[in-house]
Number of protein chains: 2
Amino acid sequence: MTAEPEAKPRRIRNISELAKLAGVSAGTVSRALAGKELVNSRTRERIQALAREHGFRPNQMASRLRTGQTGVIGVVIPLGHEKKQHISDPFFMTMLGHLADGLTEVGYDLMLSRVIPADGEDWLERIVDSGMLDGVVMIGQSDQFAAIERTAAVYPPLVVWGTARPGQRHCVVGTDSFVGGQLAVRHLLSRGRRRLAFFGDTTGLEIEQRLAGARAALAESGSGATLAVYPTHLSQQEMPGQIAADLDRMDPAIDGIFAASDVIAMATVRLLHERHRKVPEDIAIVGFDDLPLATQTVPQLTTVRQDIAAGARTLVANLLRRLAGEATGSTIMAPELVIRESA
Amino acid sequence: MTAEPEAKPRRIRNISELAKLAGVSAGTVSRALAGKELVNSRTRERIQALAREHGFRPNQMASRLRTGQTGVIGVVIPLGHEKKQHISDPFFMTMLGHLADGLTEVGYDLMLSRVIPADGEDWLERIVDSGMLDGVVMIGQSDQFAAIERTAAVYPPLVVWGTARPGQRHCVVGTDSFVGGQLAVRHLLSRGRRRLAFFGDTTGLEIEQRLAGARAALAESGSGATLAVYPTHLSQQEMPGQIAADLDRMDPAIDGIFAASDVIAMATVRLLHERHRKVPEDIAIVGFDDLPLATQTVPQLTTVRQDIAAGARTLVANLLRRLAGEATGSTIMAPELVIRESA
DNA sequence: ATGAAAGCGCTAACAA
DNA sequence: TTGTTAGCGCTTTCAT
């Protein structure tokens with residue numbers, strides 16, 4: 001083995017080695033590489049050229065320790081009540097994608113934490129003062145409301161996707177789940193459906209409120225319609241089997257389903273198809289979220305839209321303001337019924 | 001406003017403050033908090049209790065700078081030839097989920113980089129020697145083969161999901177795309193289809209090889225079947241419109257489609273349904289990937305399966321070995337045809 | 001079993 | 001415009 005063709009003098013390990021090579025002090029190199037104006041433009045370019053030539057880049061860890069700014073935002077997905085729920089849940093991922101877009105645009109890196117809070121009481125505290133993060137955005141509250149409140153009280157740069165409770169302190173952005181639930185059920189009723197079912201696990205706050213809205217719509221209608229509730233696992237493995245079982249044992253008179261998410265709705269549509277029950281003719285289905293996949297199913301999903309992109313933008317905007325020391329309130333967005341083919 | 005009920009003495013900012021409080025030296029606190037044996041078990045517990053009581057946790061940034069270990073793995077998704085492709089592409093996300101599972105299990109954090117290589121020539125170098133990462137896994141090669149090779153030559157802890165080229169140096173794990181393409185087309189032919197179309201953008205290596213396999217299967221069959229090629233955008237926004245256009249202008253005699261991904265296949269199935277063309281009766285469709293959603297469509301997708309979970313496990317395993325200084329070869333997994341309903 | 005001291009690589013006040 | 005110096009908060013010899 002011979003040496004590499006482009007055998008460079010030898011690897012530069014840090015700023016002072018480069019400084020020695022350039023015949024200046026470490027401070028000057030630091031300033032030059034940071035593109036500061038205080039350094040002679042000739043020297044600056046010479047140093048930058050030297051750095052490029054040697055493939056040298058300053059160690060971020062050191063720089064960040066020194067400046068106290070990490071440039072990293074933690075994105076945490078709490079899997080509190082659903083251990084099996086995979087991080088690849090389409091909703092999480094859609095949100096994560098938008099957050100990545102927004103955060104990288106303003107120069108932050110993302111650190112991903114997939115957390116199972118059962119691991120310990122202080123999971124959020126541990127993340128928050130690891131010293132590695134400038135701020136944190138949580139996707140979902142799961143059943144960790146108390147833990148979030150506790151941390152938010154002492155850690156301002158924390159924003160959460162989810163639902164607001166009266167008197168809460170942490171900055172949340174989300175969709176009005178209660179209204180969303182109302183929208184869904186009102187639509188089902190307007191389609192003449194009277195024997196309804198709700199598919200969703202109400203352990204989490206959001207879905208609990210979707211159900212509450214559904215019930216309210218039912219009550220206000222005075223139609224005498226009924227609503228049977230079936231908790232549905234969020235895990236991609238368990239879900240289809242469980243829905244199948246629910247479908248098989250449930251009252252055959254059921255003619256409308258409000259699914260707590262598009263993922264549930266989609267699986268339900270397919271399972272119904274397998275059972276030769278037509279959607280929406282035999283059973284109408286309304287989903288929730290309006291994920292991209294809602295338009296890709298056959299039939300396309302009628303669903304309650306959450307504007308995930310706007311939500312991500314608001315989360316990022318709020319986080320930035322909090323990073324800058326401002327206060328921010330919560331934002332609850334209005335859901336919107338999108339009528340397609342399934343109901 | 002009065003003080004908090006549990007007004008703690010006052011916040012401990014670092015190890016030496018805690019040391020002072022405990023009446024020991026910083027070194028001892030460091031050892032105690034790290035759970036080292038060298039420190040008297042009584043002192044250790046006392047210090048740990050004190051830390052807990054004050055909610056103190058050592059600064060990771062400092063610790064990592066000092067030890068030279070960052071404990072974070074960069075996961076990068078290069079969006080080379082498809083600027084509009086969103087990070088929320090289901091394949092990426094499924095892979096990312098599995099990587100997150102595997103990496104967090106062995107104690108690493110994930111740092112997410114969504115990269116558009118056009119941003120600069122040295123994008124990978126910049127990531128790799130930011131000093132923030134112990135290693136890097138790339139999901140996909142995009143059109144960045146050269147950049148990857150260049151970096152891999154000097155940075156061992158790099159593993160890549162993708163495809164192998166003869167003589168390549170970087171550690172890749174992936175599925176044999178060529179064989180996958182063969183499988184798909186052979187199946188279509190065995191179903192009596194003779195006028196085939198390929199939907200996929202061949203700018204990336206993997207899809208190019210899927211097409212090559214498809215062509216090889218065609219040639220070996222001697223059936224006189226034909227294959228029309230339609231490049232398909234990977235972006236979630238562009239894709240449906242483009243497929244629709246392709247569907248409308250393509251030879252009506254086409255009776256079989258090999259879609260380069262399940263996402264493409266799924267969109268195609270729906271668009272065909274809209275056009276009252278039955279799948280598989282009128283047109284058979286074979287997808288690629290076997291994403292979870294492949295089983296959720298109507299009809300369920302016949303597809304070429306890549307074992308994404310196994311791939312993620314192998315990526316992680318290889319990365320760990322490389323982190324430990326070992327060498328690793330590449331792994332090309334055999335694809336498997338999964339016959340469901342669409343073909 | 002513990003303390004003292006020397007840095008990890010960088011940045012920023014302060015001087016010159 | 002540049003150099004010097006003092007840390008950021010932690011870990012880890014080395015000495016005791």
Side-chain angles (χ1 to χ4, degrees), chain A residues 10-48 50-51 54-72 107 109 126 128-134, chain B residues 10-48 50-51 54-72 107 109 126 128-134:
Chain A
R10 109 172 162 281
R11 206 161 169 69
I12 302 287
R13 319 207 129 283
N14 57 39
I15 248 181
S16 2
E17 284 191 22
L18 188 61
K20 209 159 295 169
L21 227 152
V24 296
S25 78
T28 303
V29 171
S30 172
R31 291 183 276 246
L33 259 26
K36 293 249 209 284
E37 288 303 327
L38 314 80
V39 57
N40 184 306
S41 60
R42 196 125 60 243
T43 347
R44 191 183 347 151
E45 272 155 37
R46 193 163 53 81
I47 293 177
Q48 286 177 347
L50 217 48
H54 291 261
F56 172 76
R57 257 165 294 258
N59 181 307
Q60 294 299 319
M61 214 76 183
S63 150
R64 289 167 177 193
L65 170 60
R66 174 61 229 235
T67 58
Q69 307 253 297
T70 71
V72 180
D109 290 325
R126 228 154 50 201
V128 143
D129 41 56
S130 66
M132 291 286 295
L133 269 23
D134 283 347
Chain B
R10 114 176 157 280
R11 208 162 167 69
I12 302 287
R13 320 208 127 283
N14 56 40
I15 247 181
S16 4
E17 285 190 22
L18 189 61
K20 209 160 295 169
L21 228 153
V24 295
S25 76
T28 304
V29 171
S30 171
R31 291 182 276 246
L33 259 28
K36 294 248 208 284
E37 289 303 326
L38 314 78
V39 58
N40 185 307
S41 59
R42 195 125 60 243
T43 342
R44 190 183 348 151
E45 273 156 36
R46 193 165 52 83
I47 293 177
Q48 286 176 347
L50 217 49
H54 291 261
F56 172 76
R57 257 165 294 260
N59 180 305
Q60 294 300 318
M61 213 77 178
S63 147
R64 289 167 178 194
L65 170 60
R66 175 61 229 238
T67 59
Q69 307 255 298
T70 70
V72 1
D109 290 325
R126 227 153 52 202
V128 142
D129 40 59
S130 66
M132 292 285 294
L133 269 22
D134 283 348

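Residue numbers begin at 1 in each chain, while the letters A, B, ... track the order of the sequences. Any value given below was found using the heavy atoms of this structure, including those in side chains, with hydrogens, waters and symmetry copies removed. Not measured: the values here are computed from a predicted model.
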Mind calculating the distance between [atom1] ([X]) and [atom2] ([N]) to the nearest angstrom?
| X | N | atom1 | atom2 | answer |
| --- | --- | --- | --- | --- |
| Asn59(B) | dT11(D) | CG | C1' | 13 Å |
| Met61(B) | dT11(D) | CE | C1' | 17 Å |
| Ile15(B) | dC10(D) | CD1 | P | 5 Å |
| Glu17(A) | dC10(C) | CD | P | 10 Å |
| Arg64(A) | dG9(C) | CZ | P | 17 Å |
| Leu33(A) | dA12(C) | CG | P | 14 Å |
| Arg13(A) | dG9(C) | CZ | C1' | 12 Å |
| Met132(B) | dG9(C) | CE | C1' | 14 Å |

Any side-chain N or O of [X] less than 4.0 Å from the OP1 or OP2 oxygen of [N]?
| X | N | answer |
| --- | --- | --- |
| Thr43(A) | dT2(D) | yes |
| Thr28(A) | dG3(D) | yes |
| Ser63(B) | dG9(D) | no |
| Ser30(B) | dT11(D) | yes |

Derivation of the side-chain contact (heavy atoms from CB on, under 4.5 Å) call for Asp109(A) and Met132(B): CA-CA 11 Å; Asp109(A) 290 325; Met132(B) 292 285 294; 5.9 Å; no

Do Leu33(B) and Leu18(B) have side chains that get closer than 4.5 Å, going by heavy atoms?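 Yes, close enough: below the 4.5 Å cut-off.
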
Minimum-distance nucleotide to [X] side chain [options: [options]]:
| X | options | value |
| --- | --- | --- |
| Asn40(B) | dT2(C), dC10(C), dT2(D) | dT2(C) |
| Arg66(A) | dG3(C), dT11(C), dT2(C) | dT11(C) |
| Leu65(A) | dT2(C), dT1(D), dG9(D) | dG9(D) |

With a non-hydrogen cut-off below 4.0 angstrom, is Gly27(B) in contact with a base, only sugar-phosphate, or nothing?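 Since a base atom lies under 4.0 Å of Gly27(B), the category is base.
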
Is Arg31(B) touching bases, backbone alone, or none of the nucleic acid, heavy atoms closer than 4.0 Å?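 Base contact.
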
Would you check if the side chain of Gln69(A) reaches a backbone N or O of Asp134(A) as a donor-acceptor pair within less than 3.5 Å?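 No: the side chain of Gln69(A) does not pair with the backbone of Asp134(A).
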
Check: Gly71(B) main-chain N/O paired with Arg64(B) side-chain donor or acceptor under 3.5 Å: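 No: the side chain of Arg64(B) does not pair with the backbone of Gly71(B).
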
Verify side-chain contact (heavy atoms from CB on, under 4.5 Å) between Asp129(A) and Phe56(B), making sure each step is shown before the conclusion. CA-CA 8 Å; Asp129(A) 41 56; Phe56(B) 172 76; over 6 Å; no

